[in-house]
Each structure stands twice: as structure tokens, then as C-alpha cells.
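What follows is a short report on a single structure.
Just so we're on the same page: letters track the sequence lines, and every chain starts at 1. The structure displayed is predicted, hence computed values, not measured ones.
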There are 2 protein chains.
Amino acid sequence: MKIKVGIVDDHQLFLRSLSLMLNSSRNYKVVIEATNGQHLKDKIYAIPELPDIMLIDVSMPVMDGQSTAAWMNRDFPSIKLVALSMNDKDIFVINMIKAGCCAYLLKDISPKDFETALDDVSTKGFHNSDVCNARRLMKYEEGVVKLTENEKKFLQYACTDMTYKEIANLMFLSERTIDGYRASIFQKLNVETRVGMAMEAVRRELVRI
Amino acid sequence: MKIKVGIVDDHQLFLRSLSLMLNSSRNYKVVIEATNGQHLKDKIYAIPELPDIMLIDVSMPVMDGQSTAAWMNRDFPSIKLVALSMNDKDIFVINMIKAGCCAYLLKDISPKDFETALDDVSTKGFHNSDVCNARRLMKYEEGVVKLTENEKKFLQYACTDMTYKEIANLMFLSERTIDGYRASIFQKLNVETRVGMAMEAVRRELVRI
DNA sequence: ATACACAACGAGTTATTTCCCCTTTTTATA
DNA sequence: TATAAAAAGGGGAAATAACTCGTTGTGTAT
């Protein structure tokens with residue numbers, strides 16, 4: 001009995017060739033292909049047999065991997081979700097695991113290891129690769145600074161050409177309050193200047209650039 | 001007569017499945033596969049027949065697409081180079097074209113368009129996709145700010161927690177000279193504060209973060 | 001009830017940044 | 001080679017950022 005697989009990936013060339021590869025193997029059969037989450041939603045109710053395993057790309061247009069996985073997990077809890085990405089950043093791994101994926105595979109994986117991983121998911125229900133190291137992910141979560149809503153808003157403005165006075169006016173707060181946010185964020189990010197704060201915010205992806 | 005193709009891509013899963021796809025078609029034959037430029041260099045002298053077209057991924061570890069393309073262009077000028085990337089940023093396109101690629105394809109291309117592009121390269125010697133719009137690329141090049149060597153070095157330091165005084169000491173220059181760089185970059189980037197400069201530098205990828 | 005954390009606000013001081021006015025030296029090029 | 005443009009350096013003043021003291025009110029955990 002072949003394992004039924006679904007694939008969602010915006011890179012059509014990859015999608016089609018991976019599908020071809022899986023179909024040409026003895027153990028797998030691709031039952032659904034989509035180029036993004038919305039596309040998958042539109043198709044999945046019309047196919048004759050549901051997949052056992054759904055391969056989900058992390059970065060996709062229209063509807064990204066996280067939303068897609070979360071939706072699949074809710075509406076099709078029996079389908080095993082596997083994240084497939086070229087990005088090994090902790091935040092992506094955490095988001096996909098939280099969204100219900102039972103494995104996170106990198107695209108530079110060898111076809112052999114790939115099949116091993118899929119077999120693991122199929123038999124054990126999960127597959128632990130190096131990127132899923134629980135200890136490291138926990139440590140990452142600890143390291144995430146917690147900012148209040150106003151601090152976040154202020155930080156966004158602080159990463160622009162505006163002066164603090166202008167930011168205070170924009171937020172309808174006094175310069176003192178603004179200065180309090182600044183001091184608080186300085187401590188949390190362990191920096192000593194506004195530029196340092198801005199760059200650290202970029203590094204930690206706390207601001208939209 | 002089949003068109004001989006080579007592939008360099010660090011995503012093994014993509015590399016192997018694309019290879020499988022091309023080999024299973026009537027018109028193409030994959031004669032060399034590598035996971036990065038250095039790997040390609042190590043292998044290419046040992047294969048019986050050279051490719052007609054070399055597909056080169058843009059972002060790879062060890063030796064990236066640009067260096068790989070430049071090297072191929074110098075040592076194997078008769079092989080047609082095709083950039084293959086998921087990134088459509090102008091700077092990547094420009095770099096790969098300058099390095100000698102005669103086409104720049106995105107990985108979200110459909111297998112059909114992909115074959116059309118390869119046929120174009122094989123018969124016409126090039127393929128123009130939307131990302132290669134000459135007018136837009138020229139406009140991009142015009143918009144690139146030109147910084148002097150010292151300005152670049154200063155900008156890198158200016159995007160840290162250091163004060164200008166510290167930067168001046170580090171660069172063995174007076175604070176006045178540093179201030180001259182600052183004023184010059186402010187004008188070129190059209191900003192009014194140090195944070196604005198830093199964020200604009202990030203946006204234009206003028207600094208390593 | 002009472003401590004506790006924290007968001008919000010305030011005055012005053014120091015440090016840094018930004019801008020204005022310059023001169024001298026080096027580099028490019030007509 | 002003359003001339004212009006760019007790089008490097010300088011003093012001082014105004015604006016902005018950063019720090020050090022506070023006070024008040026609000027929610028919340030004990």
C-alpha cells in the first residue's frame with residue numbers, strides 16, 4: 001500500500017519535479033499538488049482520496065506555510081503535516097511546529113534522508129531532524145524579548161528618520177513617556193544608543209523594514 | 001540529439017528531482033550535478049561530456065552562484081549559463097547577468113515555461129523573462145548610490161552601538177572627517193538622522209547586518 | 001488591605017548628534 | 001598644467017538623545 005502524499009509549494013518547478021520523483025518510487029503516490037495554501041483549500045475537497053502526509057512549504061505567497069499548516073491541522077487533524085523549507089531560522093521552525101507540523105525538513109536534504117523522514121512520519125508519527133532540537137528552540141523562546149504594545153509601536157517609529165519629539169506627538173504621549181519606552185527597550189535589547197536599538201530590532205526581526 | 005544539461009543547486013531534493021524530470025523528458029540529458037560551485041569545479045573535469053547548458057542556483061553555500069557563473073564563463077565560455085533562483089531582486093539578476101548568464105529563471109516557473117526557456121537558450125542563445133527587463137535594471141543601476149571606500153567603512157560602523165567619537169578613533173580619523181562622511185551619506189541617502197541613515201542602509205543592503 | 005509591577009508623566013543635566021562656518025591636501029580630468 | 005572636484009581636517013553652536021532623579025494612578029497577586 002503506497003503512502004499518499006500531498007505537496008504545497010509555490011516553486012512550480014520544484015513541486016512538479018518532486019511530485020514526479022515521489023510518484024516514480026514504489027512507496028509513494030502524490031494525490032494533491034498546490035502552489036499555495038489558498039490553492040490547496042480550493043482543491044482538497046474535490047479529490048477522491050486524502051493524503052496521509054502533507055508536505056508544506058514555509059514561505060509562499062497568498063497564504064503562507066504557517067497559516068496553511070494551522071488550517072490543515074484544524075480541518076484535517078488526521079493528516080500528518082511536514083514542513084519543507086530552505087530556511088532553518090528558529091522562528092520558522094517554532095512557528096511550523098506550533099502550527100501542528102510533526103517534522104521540519106530542509107530542502108538541502110538528500111532524497112535518501114527525505115524518504116527516511118517520510119517513513120518515520122508514516123510509522124512513528126513524527127521525525128526529529130537537527131533543526132528541531134528541542135533544547136535550542138526552548139532557549140530561543142527564552143531569548144525572545146517581551147515588549148509591551150506601546151513599546152512595540154514606539155520601536156517601529158524609533159526605526160525611522162523621526163525625532164523622539166515627533167514620535168511623541170504622533171503617539172499622543174509626552175516626551176517623558178517615550179523616553180521611558182526607550183530606556184526600557186535599551187535594557188531589554190542590551191544597547192546604549194538609538195542606532196544600536198534600531199539595528200538590534202532589525203536583527204531580531206522586531207520591526208518591519 | 002538531446003540537449004546536455006548541468007545543474008548546480010544546494011537543495012539536494014530539488015537538484016535530484018529536477019534532474020529526474022529532465023532525464024525523463026525526450027529532449028534533455030543531465031550530464032553533471034553539483035551542490036555548490038566548488039563541488040562543480042571538483043567534478044567537471046572528470047566527466048565524459050560537457051553540458052550545453054549549465055543551470056546555476058544563485059544562493060549557495062561555499063561558492064555562490066555569481067562566483068560560479070563567473071568562473072564557468074571564463075573557463076568554459078562555450079557553455080550557456082542559466083541562473084535559477086527563487087529571488088527576483090534586481091541586484092541578484094544584475095549580478096548573474098554580469099557574471100555571464102544568458103537567462104534568469106525563477107523557481108516558481110512552470111515546467112512548460114521552463115522547457116521553453118531552455119529551448120530558447122539552446123537555439124537563440126538567450127531567453128528574456130520578465131525579471132530581465134533591461135529598462136528596469138538600468139533604472140536600478142542609476143538609483144544605486146555610489147559611496148567612497150571610507151564612507152562605506154564608516155557606514156558599517158555607523159550602523160552599530162558606537163558613537164561617532166569611537167568610530168573616529170577606530171578609523172584613525174578626526175571627528176570632523178567622520179562628520180564629513182556622515183553629511184555626505186545623509187545627502188546621498190536623503191535622510192536627516194543617524195537612525196534614518198542606518199535603516200536606509202539596511203533597506204538598500206549597503207551594510208552587513 | 002497591602003505590597004508589587006508597571007505604564008504614564010515631569011524637571012533638570014550631560015552627552016551626542018547635527019549643522020553652520022571654514023582651510024588644506026589629494027585626486028581626477030579637461 | 002590648470003582647474004575643478006573630492007577627501008580630510010577644524011571651531012563652535014543648536015538640536016537631539018540619553019540619563020538621573022522623582023510622582024501618580026492602575027491593575028493584580030498575596
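- Side-chain atoms of B:D10 and B:T35 form no donor-acceptor pair, as typed in the model, at a separation below 3.5 Å.
- Between A:W71 and the options A:T68, A:N73, A:D75, a side chain to side chain donor-acceptor pair (under 3.5 Å) holds for only A:D75.
- Contact between the side-chain N/O atoms of B:N150 and the OP1/OP2 oxygens of D:dA8 is found at a separation under 4.0 Å.
- Using a 4.5 Å cut-off on side-chain heavy atoms (C-beta onward), A:I185 and A:L155 make contact.
- Heavy atoms of A:T193 sit under 4.0 angstrom from primed sugar atoms or phosphate atoms, though from no base atom.
- One can place CD1 of A:I185 at 11 Å from P of C:dA7, the figure rounded to the nearest angstrom.
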Distance-only criterion, 3.5 Å: show the donor-acceptor pairs between side-chain atoms of residues 194-209 of chain B and protein atoms not counting sequence neighbours.
| residue | atom | partner | partner atom | Å |
| --- | --- | --- | --- | --- |
| B:R194 | NE | B:A158 | O | 3.1 |
| B:R194 | NH1 | B:M162 | O | 2.8 |
| B:R194 | NH2 | B:A158 | O | 3.0 |
| B:R194 | NH2 | B:T160 | O | 3.1 |
| B:R194 | NH2 | B:M162 | O | 2.6 |
| B:E200 | OE1 | B:R203 | NH1 | 2.6 |
| B:E200 | OE2 | B:R204 | NE | 3.0 |

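- Protein atom CZ of A:R194 is 13 Å distant from nucleotide atom C1' of C:dT18, rounded to whole Å.
- Heavy atoms from other residues, nucleotides or ligands lying under 6.0 Å from CZ of B:R16 number 12 at most.
- Atoms CZ (B:F154) and C1' (C:dT18) sit 12 Å apart, rounded to a whole Å.
- Taking A:D90 as the reference, A:R136 meet the side-chain hydrogen bond (donor to acceptor under 3.5 Å, both in side chains) condition, with sequence neighbours excluded.
- Taken residue by residue, residues 158-180 of chain B places heavy atoms nearer than 4.0 Å to DNA chain C at B:T163, B:Y164, B:D179.
- In this structure, CD of B:E192 is placed 12 Å from P of D:dA17, rounded to the nearest angstrom.
- Following rounding to the nearest Å, B:Q187 (CD) and C:dT18 (C1') show an atom-to-atom distance of 14 Å.
- Annotation: salt bridge (Lys or Arg N to Asp or Glu O under 4.0 Å) contacts of B:K152 (sequence neighbours excluded): B:E149.
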What are the atom names and distances for every N/O pair under 3.5 Å that joins the protein to nucleotides 27-29 of chain C?
none

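- Residue A:R182 has a polar side-chain atom (N or O) positioned under 4.0 Å from OP1 or OP2 of D:dC19.
- A search for side-chain hydrogen bond (donor to acceptor under 3.5 Å, both in side chains) contacts involving B:R176 returns nothing, not counting sequence neighbours.
- A straight line from NZ of B:K146 to C1' of D:dA6 spans 16 Å, rounded to a whole angstrom.
- By the 6.0 Å contact criterion, CD on B:E49 is enclosed, its count of non-hydrogen atoms from other residues, nucleotides or ligands being greater than 12.
- One can place CG of A:L147 at 13 Å from P of C:dC6, the figure rounded to the nearest angstrom.
- Atom CZ in B:F186 sits about 7 Å away from atom C1' in C:dT18, given to the nearest Å.
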